[in-house]
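Heavy-atom basis, side chains included; hydrogens, waters and symmetry copies ignored.
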Amino acid sequence: MSKIIKQKKRSEIADEYKWSIEVLVESDEVWKADFETLNEKIDAFAKYKGKLAEKLLECLTEQAEMSEEFERLYVYANMKFHEDANESLYQGFSDMASGLDSRLMAATAFIEPEILALDENLIKSSKFDLFRHKLDNLLRQKAHILSTEAEEILAKVNELAEAPDNIFNILDSADIKFGAVTDEKGNTVELTHGRYSSLLLSSNREIRKNVWHNYYDSYWNLKNTLAATYSASVKKDVFFAKIRRHNSAMEEALFYDNIPTSVYTNLIDTVHEFLPELHRYLRLRKKNLNLSEIRAYDLYTPIIKDLDYKIEYKDAVELTLKSLAPLGEDYVKVARAGLLHEGWVDVYENVGKQSGAYSWGAYGSFPYILLNYQNKLDDVFTIAHELGHSMHSYYAWKTQPYVYGDYSIFLAEIASTVNEALLMDYMLKEGETNMRAFLINEWLEHFRTTIFRQTLFAEFELKTHQMSETGEPLTLEVLNATYRSLNEKYYGAEVTLDDKLDLEWARISHFYSPFYVYQYATGYSAAMAFITRILSSPIEVEKYLGFLKAGSSDYPLEILKNAGLNMFEPTPIREALNKFSELITEMEKI
């Protein structure tokens, strides 16, 4: 009889593989005391209301202090809960922290409207230099902020405006059922979102086909509801853009980070230039899979057989650190201490632990990393990825004051992708032919799914919003026809398109966060451009480290420009896609 290997309890994991969360908050008792103290400060914060002309600096300083303290309490509560969801104490802490968040937001809601009502000469005084970028950004938004009465109405309308997103999430998470399928071991299993993704990697084409059709049949059965839901979401975006005096929904979505719409359209136009290279890769995929035609369910299965690659955590760390040597001694020294000695990382799975991986923390503590390490090759790349986020936070926190210690979503994935790419580059140089082929296939898939696929999504969002802005109804037929035309453009004659694929737009949850997905493509492109520079010159390494240290002290595109990357122009995207072409050529030779 085979032995059943049970998941370990947290108490059975060695301390050296757990994060040192006491650096964040010393103990549960300290957390409770600090929670009550912050509650009292929030209650007293109303003393600034109506008095910002005299007490603006004092108010902004105390707001930042409260926010920093709240972040520390919130992160501790949730990280402790993520250690083991069976610990009801920390579920309670998490709920308390969420309630505190709402109280803090309500208590400070008066600040921005009151600032905008002040004389601009006062706001531009040098005594507010610590908050200069924050205040300048607020003033930039002034033309798009309405009267107090109108803003109050919009705040109430916003709850109604969340309905399309809420409806989609309920449909997609709870109501939709995908039926049962046969897995690779011959077992009949319930099809879920997670199993769909994993089973599409199967080498068995019949399994992939059945899984894909089951999955899309379920969306097809809800097609009219999904079309109405997405149409309502687009109308909502267009409404808010108009009411806030923006020229388009895209302009409004990019406005907060001060990103011109040309960055969005440059991405689409440049990707169009390289569609012949995507078609070339798809032909290579078809040849390697020995298929007469490629269908949608053939796009994810590896064209190189998976490797039986096992590596212990500490060996994986050493491999990762070797690959990051181009970033300099200080970077590697700090990373080594964090990964192995200082307690940044919670390494192994245990009963009740949060699944997946993330990088998180609070200003002034450690940039912690949650892993569920399984000794696989993918896990090594996860270390590199999450370490990239954590080192970004480390340098930003070390260099910037709290108010600029974070970084925007537009920049967030760059550092993590740079680390993954350096690891990939190192392993390609060191690996044998089979390893090289496997890694190149992985890298090509990253390009396909992160730049090409996300840009297809971005173009669909742009087209549907433009149609709504000109009064064209977004019916099911219109949405499907629009999406099919994009599939025909992006995949060319290399993929045989099933009619059900026309409805793929209906399952993309990110479409309910308008004009968001393009950032995956721009971030990946920026990372690839940084890699070329980092490997060419120590000066470029210093510029990249300057990017990590900048936090949110300037607008995202200006931070990148100061680091030598001009994302106002399409050049970095073109550089990244040239790398895609080089990888195809190398794969063809292998």
- May I ask you to check whether over 12 heavy atoms, not counting those of Tyr256, lie within 6.0 Å of atom OH?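 Check fails, neighbour count at 12 or below.
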- Geometric class of the Phe447/Phe580 ring pair [parallel <30°, tilted 30-60°, perpendicular >60°]: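 Geometry flag for Phe447 against Phe580: tilted rings.
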- Do the side chains of Tyr544 and Lys549 get nearer than 4.5 Å, heavy atoms only?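 The answer is no, as the side chains (C-beta and beyond) never meet within the 4.5 Å cut-off.
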- Message: What I'd like to find out is whether the side chain of Trp360 reaches to under 4.5 Å of the side chain of Tyr368, using heavy atoms alone.
- Response: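 Sidechains of Tyr368 and Trp360: no contact.
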- Task: Determine whether the aromatic ring centres of His510 and Tyr520 lie less than 6.0 Å apart.
- Result: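 Close enough - the centres of the two rings lie under 6.0 Å apart.
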- Verify the ring-centre separation between Phe460 and Phe511: is it less than 6.0 angstrom?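 Close enough - the centres of the two rings lie under 6.0 Å apart.
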Would you say [X]'s side chain and [Y]'s backbone share a donor-acceptor pair under 3.5 angstrom?
{"X": "Thr450", "Y": "Ala521", "value": "no"}
{"X": "Thr455", "Y": "Ile451", "value": "yes"}
{"X": "Ser98", "Y": "Ser94", "value": "yes"}
{"X": "His465", "Y": "Ser248", "value": "no"}
{"X": "Thr475", "Y": "Val478", "value": "yes"}

Is [X] salt-bridged to [Y], going by a charged N under 4.0 Å from an acidic O?
{"X": "Glu112", "Y": "Lys142", "value": "no"}
{"X": "Glu445", "Y": "Arg448", "value": "yes"}
{"X": "Glu69", "Y": "Arg72", "value": "yes"}
{"X": "Glu472", "Y": "Lys463", "value": "no"}
{"X": "Glu114", "Y": "Lys49", "value": "no"}
{"X": "Glu120", "Y": "Lys124", "value": "yes"}

- Would you check, one step at a time, whether the test side chain to side chain contact (heavy atoms under 4.5 Å, CB included) holds for His246 with Phe240? CA-CA 9 Å; His246 289 282; Phe240 277 104; over 6 Å; no
- Pair listing, ring-ring contact (aromatic ring centres under 6.0 Å, His included) test, anchored in residues 46-73, at least two apart: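 Residue pairs passing ring-ring contact (aromatic ring centres under 6.0 Å, His included), neighbours aside: Phe45-Tyr48, Phe70-Tyr74.
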Pairs of donor and acceptor atoms involving the side chains of residues 259-271, under 3.5 Å and at least two apart or interchain, shall be tabulated with distances.
| from | atom 1 | to | atom 2 | distance (Å) |
| --- | --- | --- | --- | --- |
| Tyr264 | OH | Ala458 | O | 2.8 |
| Thr265 | OG1 | Thr261 | O | 3.4 |
| Thr265 | OG1 | Ser262 | O | 3.2 |
| Asn266 | ND2 | Ser262 | O | 3.2 |
| Asn266 | ND2 | Phe568 | O | 3.1 |
| Thr270 | OG1 | Asn266 | O | 2.7 |

- May I ask you to check whether Asp165 and Asn169 show a side-chain donor-acceptor distance below 3.5 Å?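 Yes.
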- Determine which pairs satisfy salt bridge (Lys or Arg N to Asp or Glu O under 4.0 Å) with at least one residue from residues 234-255, sequence neighbours left out, and list them in order.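 Residue pairs passing salt bridge (Lys or Arg N to Asp or Glu O under 4.0 Å), neighbours aside: Glu151-Arg244.
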- Measure from NZ or CZ of Arg140 to the centre of the six-membered ring of Phe255 and say whether it is under 6.0 Å with the direction within 45° of the ring axis.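 Yes, Arg140 sits over the ring of Phe255.
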Which residues share a side chain to side chain contact (heavy atoms under 4.5 Å, CB included) with [X], sequence neighbours left out:
{"X": "His133", "result": "Tyr404, Asp554, Tyr555"}
{"X": "Glu68", "result": "Tyr363, Tyr402"}
{"X": "Thr532", "result": "none"}

- Item | Distance (rounded to the nearest 0.5 Å) between Asp498 CG and Leu503 CG |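 One gets 11.0 Å once the value is rounded to the nearest 0.5 Å.
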- Report the C-alpha separation of Thr399 and Leu548 in whole Å, then their side-chain angles, then the decisive distance to 0.1 Å, and conclude whether the side chain to side chain contact (heavy atoms under 4.5 Å, CB included) test is met. CA-CA 9 Å; Thr399 309; Leu548 298 182; over 6 Å; no
